Amino acid sequence: MRHRWDLTYAEARDLQRELASKLDTTTPLSRFDLIASADVSFNRFDTEIAAAVVVVRAETFEVVERVGLMFPMTFPYIPGLLSFREAPALIEAFSRLKTPYDVILMDGQGIAHPRRIGIASHLGLLLDRPCVGCAKTRLTGTHDEPGPKRGDRVPLLDGEEVIGTVLRTKDRVKPLYVSPGHRCDLESAVDLVLATSGKYRLPTPSRMVHDYVNEVRRRAKGLRPP
DNA sequence: GCGACAG
DNA sequence: ATCTTGTCGC
């Protein structure tokens, strides 16, 4: 499934409402042996964005394949419309990936979004692959403070509706916002994040792709140490 | 109108 | 998101 990206904000929101109705957030993940972690990186005023995907074996964190590239960035950052800025570059990166993977782990919200279609949901839907959303901060929803220990969690709510889980992945560090993206349910999403984290706040595959995508950007732009 | 607001 | 050293807290 594909669609155009050069839309007005109103058109983009209409498209989101249309796409959101196609999401599957009730099917448990059958497996997550091979995780395709995706991320982007860019400079404040640059017009190019670095996108990368790292396929990691969940049990060992061994890197199976990496793809990194630079891509033109045209859409601005508008809260709620993040995918229109970052997804085109990510989709290009995924198109160059050869390794079959079980699930995508995306930095950002899944259905924990005003229209229930954050970048993890949007990406999963367009690629027709299971996708988990794991964000560092909140976009929408309310919640209590989870307990202080790793594994402690509390529901992320929008009124009565559960749209995600605020999950502590490490003792006494800020919790993460986990929500299903597509072809995945909330329980599976939390399981995956918990199974791949512990040493750091972020899941290890997320840290790996974050480091790699920064390396890709710096190598393309040439950053000089002062 | 005011405050909130993934990356 | 990125630019950046030291520093406070467990």
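Both backbone and side-chain heavy atoms feed into the values below; hydrogens, waters and symmetry mates do not. Predicted model only: the values in this text are computed from it and were never measured. Numbers restart at 1 for each chain; the letters A, B, ... are given by sequence-line order, proteins then strands.
Using a 4.0 Å heavy-atom criterion, one finds that A:I119 contacts the bases of the nucleic acid, with or without backbone contacts as well. Nucleic acid contact for A:L81: base, since at least one base atom lies under 4.0 Å from a heavy atom of the residue. Using a 4.0 Å heavy-atom distance criterion, A:H210 is classed as a sugar-phosphate-only contact. Among the heavy atoms of the strands, none lies under 4.0 Å from A:G133. A:D171 comes within contact range of no nucleotide atom at all, as no heavy-atom separation falls under 4.0 Å. Among the heavy atoms of the strands lying under 4.0 Å from A:Q109 is at least one base atom, whether or not backbone atoms are also near.
Side-chain atoms of A:S121 come within 3.5 Å of backbone atoms of A:G110 as a donor-acceptor pair (strictly under, hydrogens ignored). A:R129 contributes no side-chain N or O that, together with a main-chain N or O of A:G124, makes up a donor-acceptor pair within less than 3.5 Å. Side chain of A:Q109 to backbone of A:G118: no donor-acceptor contact under 3.5 angstrom is found. Within the 3.5 Å criterion, the main-chain N or O of A:L7 finds no donor-acceptor partner in the side chain of A:R4.
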Atom pairs under 3.5 Å, N or O on each side, protein against nucleotides 7-10 of chain C: can you list them with distances?
| unit_1 | atom_1 | unit_2 | atom_2 | d |
| --- | --- | --- | --- | --- |
| C:dC10 | O3' | A:R172 | NH1 | 3.1 |

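Residues forming a ring-ring contact (aromatic ring centres under 6.0 Å, His included) with A:F32 (at least two apart in sequence, or on another chain): none. For A:E187, there are no side-chain hydrogen bond (donor to acceptor under 3.5 Å, both in side chains) partners at least two apart in sequence or on another chain.
Phosphate contact (OP1/OP2 of C:dT2, side-chain N/O of A:N214, threshold under 4.0 Å): present.
When the P atom of C:dT2 is taken as reference, atom CZ of A:R85 falls 11 Å away, rounded to whole Å. Taking atom CD of residue A:E48 and atom P of nucleotide C:dT2, one finds them 16 Å apart after rounding to whole Å. Separating the CE atom of A:M73 from the C1' atom of C:dT2 is a distance of 11 Å, rounded to the nearest angstrom. One atom, NZ of A:K221, and another, C1' of C:dC3, lie 16 Å apart when rounded to the nearest Å.
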### Query
So what is the 5' to 3' dot-bracket string for DNA chain B, if pairs are Watson-Crick or G-U wobble with both distances under 3.5 Å, crossing pairs use [ ] and | means the partner sits on another strand?
.......
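The salt bridge (Lys or Arg N to Asp or Glu O under 4.0 Å) pairs that include a residue from residues 161-176 of chain A are A:R116-A:E161, A:E145-A:R168, where partners are two or more places apart or lie in different chains. A salt bridge (Lys or Arg N to Asp or Glu O under 4.0 Å) check over residues 25-38 of chain A, counting only residues at least two apart or in different chains, returns the pairs A:R31-A:D33, A:R31-A:D102, A:D33-A:R57. The salt bridge (Lys or Arg N to Asp or Glu O under 4.0 Å) analysis of residues 193-213 of chain A, with sequence neighbours excluded, yields no pairs.
Taking Ile, Leu, Val, Met, Phe, Trp and Tyr as hydrophobic and joining them when side-chain heavy atoms fall under 4.5 Å apart, one finds A:V166 in a cluster with A:V154, A:L156, A:I163, A:Y177.
Checked by atom type, the side-chain pair A:R218/A:S41 shows no donor-acceptor distance below 3.5 Å.
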All N/O donor-acceptor pairs, side-chain side in residues 70-87 of chain A, below 3.5 Å, sequence neighbours left out:
| unit_1 | atom_1 | unit_2 | atom_2 | d |
| --- | --- | --- | --- | --- |
| A:S83 | OG | A:H122 | ND1 | 2.9 |
| A:R85 | NH1 | A:F75 | O | 2.7 |

Under 3.5 Å, sequence neighbours excluded: what are the donor-acceptor pairs made by side chains of residues 44-55 of chain A?
| unit_1 | atom_1 | unit_2 | atom_2 | d |
| --- | --- | --- | --- | --- |
| A:D46 | OD1 | A:E48 | N | 3.3 |
| A:D46 | OD2 | A:K221 | NZ | 3.2 |
| A:E48 | OE1 | A:K221 | NZ | 3.0 |

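If you walk DNA chain B from 5' to 3' and mark each nucleotide with an atom closer than 4.0 Å to a heavy atom of chain A, the marks span B:dA4 to B:dG7.
DNA chain C forms no stem, meaning no run of 3 or more consecutive Watson-Crick or G-U wobble pairs whose two key distances fall under 3.5 Å.
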### Task
Would you check, one step at a time, whether the test side chain to side chain contact (heavy atoms under 4.5 Å, CB included) holds for A:L23 with A:L125?
CA-CA 7 Å; A:L23 293 173; A:L125 183 66; 4.0 Å; yes
